[in-house]
Structure formats: structure tokens, C-alpha cells
Amino acid sequence: MKEFSIYWIKEEFASHYFYKSDILYRFIKSYQKEDRRDLSLQFDYITNNFPSQAIISNMKWYLTNHATYQIDGNEIKIQEQSNNITLHIHEKHIKFRCESLQDAEKLLFPVLRLIYPFLFIVDDHLYNFGWISPVTISMMHHGQQVLYSYG
């Protein structure tokens with residue numbers, strides 16, 4: 001099974017780093033590997049906390065007609081036919097395991113997109129990362145001038 005972590009990035013940082021996701025990825029990996037106070041403070045500053053009860057209640061609502069699930073504290077096991085996902089809700093991230101991202105796209109990401117607009121996903125073992133929820137161009141350049149080039 002593959003393991004991934006999801007981070008809820010604050011809007012101002014999501015807008016700024018949407019097209020610079022490799023920088024965000026390297027920062028998160030540094031934060032995970034190194035026990036440094038400055039990285040910890042920066043990580044806390046750019047990420048939001050995940051309210052576990054809100055996630056659990058929304059998962060129950062969404063999964064009722066889609067899949068079976070089992071909840072044990074902050075752990076949720078989801079199954080639909082041969083698709084399985086196990087997720088653990090932590091204060092600053094959600095860690096999940098699945099066979100493929102297609103399973104997560106079908107069972108996990110739709111409900112998360114409903115409630116969290118700026119989610120960044122990181123593969124825990126491979127150089128694989130990206131945004132679950134797209135940041136719209138109009139949000140990214142709100143109040144700023146944008147230059148376009150034709151040619």
C-alpha cells in the first residue's frame with residue numbers, strides 16, 4: 001500500500017506556492033526530517049489544523065451512499081468493493097494508505113474538496129506531490145495586475 005500525507009495550507013501561501021509546489025514539498029520534507037524550531041514555527045504558520053470531528057461527520061455523510069466505513073477515534077477505514085483506504089486524522093495533517101490514488105480520488109478527495117480549499121498531498125516514500133484542490137487564477141491574482149503575452 002502507498003502512504004500519503006495531506007496538509008491544509010493557508011490561502012495566502014497556497015496562492016503564492018501553487019505553481020512552486022516543489023519548494024513547498026522540499027520545505028515539508030525538511031520539516032519532517034529535521035527537528036528544528038524554526039521549521040516547526042514556519043510549518044505551524046503556513047498550515048491549518050484539521051478539525052477531526054468535522055472531517056468525520058462529513059465523511060459519514062458522504063460515504064453513507066458510496067461505501068462502508070469504520071471509525072475508531074481519529075482513524076477511518078473506508079471500503080468500496082476492492083478499494084480500501086485507511087486514514088488517520090492528526091492535528092496538522094491527514095495520513096492515509098491506499099493501493100492507488102484513484103481509490104483516494106473516488107472515496108476521499110471529493111469530501112475533502114467540499115470543506116477544505118487548499119490541500120497539498122505528499123507521497124511519504126516517493127518524490128510525488130501536488131495539490132488536491134485547484135487554486136483558481138482569479139483567487140491567485142486578486143487585487144494584482146496580471147500581464148499576458150501573446151506570441
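All values below come from the heavy atoms of this structure, side chains included, with hydrogens, waters and symmetry mates left out. Just so you know, these numbers come straight off a predicted model, no measurement behind them.
Checking Ile94, Val122, Ile89 one by one against Ile6, the side chain to side chain contact (heavy atoms under 4.5 Å, CB included) holds for a single residue, Ile94.
For the residue pair Asp103 and Cys98, the shortest heavy atom distance occurs at CB-CB, 4.3 Å. Shown here for Leu39 and Tyr31, the closest heavy-atom pair between the two residues is O-CD1, 3.8 Å. Minimum heavy-atom separation, Ser21 to Trp131: CB-NE1, 3.8 Å. Closest approach of Ile71 and Lys60 over heavy atoms only: CD1-CE, 3.4 Å. Residues Glu105 and Pro110 share a closest heavy-atom pair of O-CD, 3.1 Å.
We find that Lys106 and Glu80 are joined by a salt bridge, their nearest charged nitrogen and carboxylate oxygen being less than 4.0 Å apart. Ion pairing between a basic and an acidic side chain is recognised when a charged N comes within 4.0 Å of a carboxylate O; Lys95 and Asp124 show such pairing.
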**Request:** Under the side-chain contact (heavy atoms from CB on, under 4.5 Å) rule, what do Tyr62 and Leu112 come out as? Steps first, then yes or no, please.
**Result:** CA-CA 10 Å; Tyr62 179 78; Leu112 292 178; over 6 Å; no
**Request:** Could you please spell out the steps behind the side-chain contact (heavy atoms from CB on, under 4.5 Å) verdict for Glu99 and Ile85?
**Result:** CA-CA 8 Å; Glu99 289 297 324; Ile85 295 179; over 6 Å; no
**Asked** Hey, mind stepping through Glu34 and Arg36 against salt bridge (Lys or Arg N to Asp or Glu O under 4.0 Å) and telling me if it holds?
**Response** CA-CA 6 Å; Glu34 301 175 34; Arg36 291 179 26 202; 2.8 Å; yes
**Request:** Go through the steps to decide whether Asn49 and Lys92 satisfy the test side-chain hydrogen bond (donor to acceptor under 3.5 Å, both in side chains), and finish with yes or no.
**Result:** CA-CA 5 Å; Asn49 292 345; Lys92 287 286 190 173; 3.2 Å; yes
**side-chain contact (heavy atoms from CB on, under 4.5 Å) between Met59 and Leu108, worked out** = CA-CA 8 Å; Met59 292 297 281; Leu108 178 59; 3.7 Å; yes
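Between Tyr25 and Phe129, the ring planes lie parallel to each other; the angle is under 30°, not in the 30° to 60° tilted range.
Linking ILVMFWY side-chain heavy atoms closer than 4.5 Å, directly or via other members, places Tyr127 and Phe27 in a single hydrophobic cluster. Placement of Tyr45 and Phe18 within a single hydrophobic cluster is found when ILVMFWY residues are connected by side-chain heavy-atom separations under 4.5 Å, directly or transitively. The hydrophobic cluster containing Phe4 does not contain Met1, counting ILVMFWY residues as joined when their side-chain heavy atoms lie under 4.5 angstrom apart, directly or transitively.
Taken from CG in Asn128 to CD1 in Ile121, the straight-line distance is 8.0 Å, to the nearest 0.5 Å. To the nearest 0.5 Å, atoms CZ (Arg113) and CD1 (Ile132) are separated by 7.0 Å. To the nearest 0.5 Å, atoms NZ (Lys10) and CG (Asn48) are separated by 5.5 Å. The OG1 atom of Thr86 lies 6.0 Å from the CD atom of Glu75; values are rounded to the nearest 0.5 Å. Between the CZ atom of Arg97 and the NZ atom of Lys77 there is a distance of 8.0 Å, given to the nearest 0.5 Å. Expressed to the nearest 0.5 Å, how far CG of Leu101 lies from CZ of Phe96 amounts to 6.0 Å.
The shortest distance between side-chain heavy atoms of Leu63 and Ile78 falls below 4.5 Å. A heavy-atom distance below 4.5 Å is found between the side chains of Asp44 and Ser40. Taking the side chain as every heavy atom from C-beta outward, Ile46 and Leu24 approach each other to under 4.5 Å. Under the 4.5 Å side-chain criterion, counting only non-hydrogen atoms from C-beta, Leu114 is not in contact with Asn58. Residues Trp8 and Pro117 have side chains in contact (heavy-atom distance under 4.5 Å, counting atoms from C-beta outward). Residues Tyr69 and Leu107 form no side-chain contact, since every pair of their non-hydrogen atoms from C-beta on lies 4.5 Å or further apart.
Distance alone, capped at 3.5 Å, places no donor-acceptor pair between the Asn83 side chain and the Gln79 backbone. Within the 3.5 Å criterion, the main-chain N or O of Glu12 finds no donor-acceptor partner in the side chain of Ser15.
Here Phe120 and Tyr17 keep their ring centres 6.0 angstrom or further from each other. The six-membered or imidazole ring of Phe118 lies away from that of Tyr7, with a centre-to-centre distance of 6.0 Å or more.
Annotation: Asp38, atom CG; neighbour count of heavy atoms from other residues, nucleotides and ligands within 6.0 Å is above 12.
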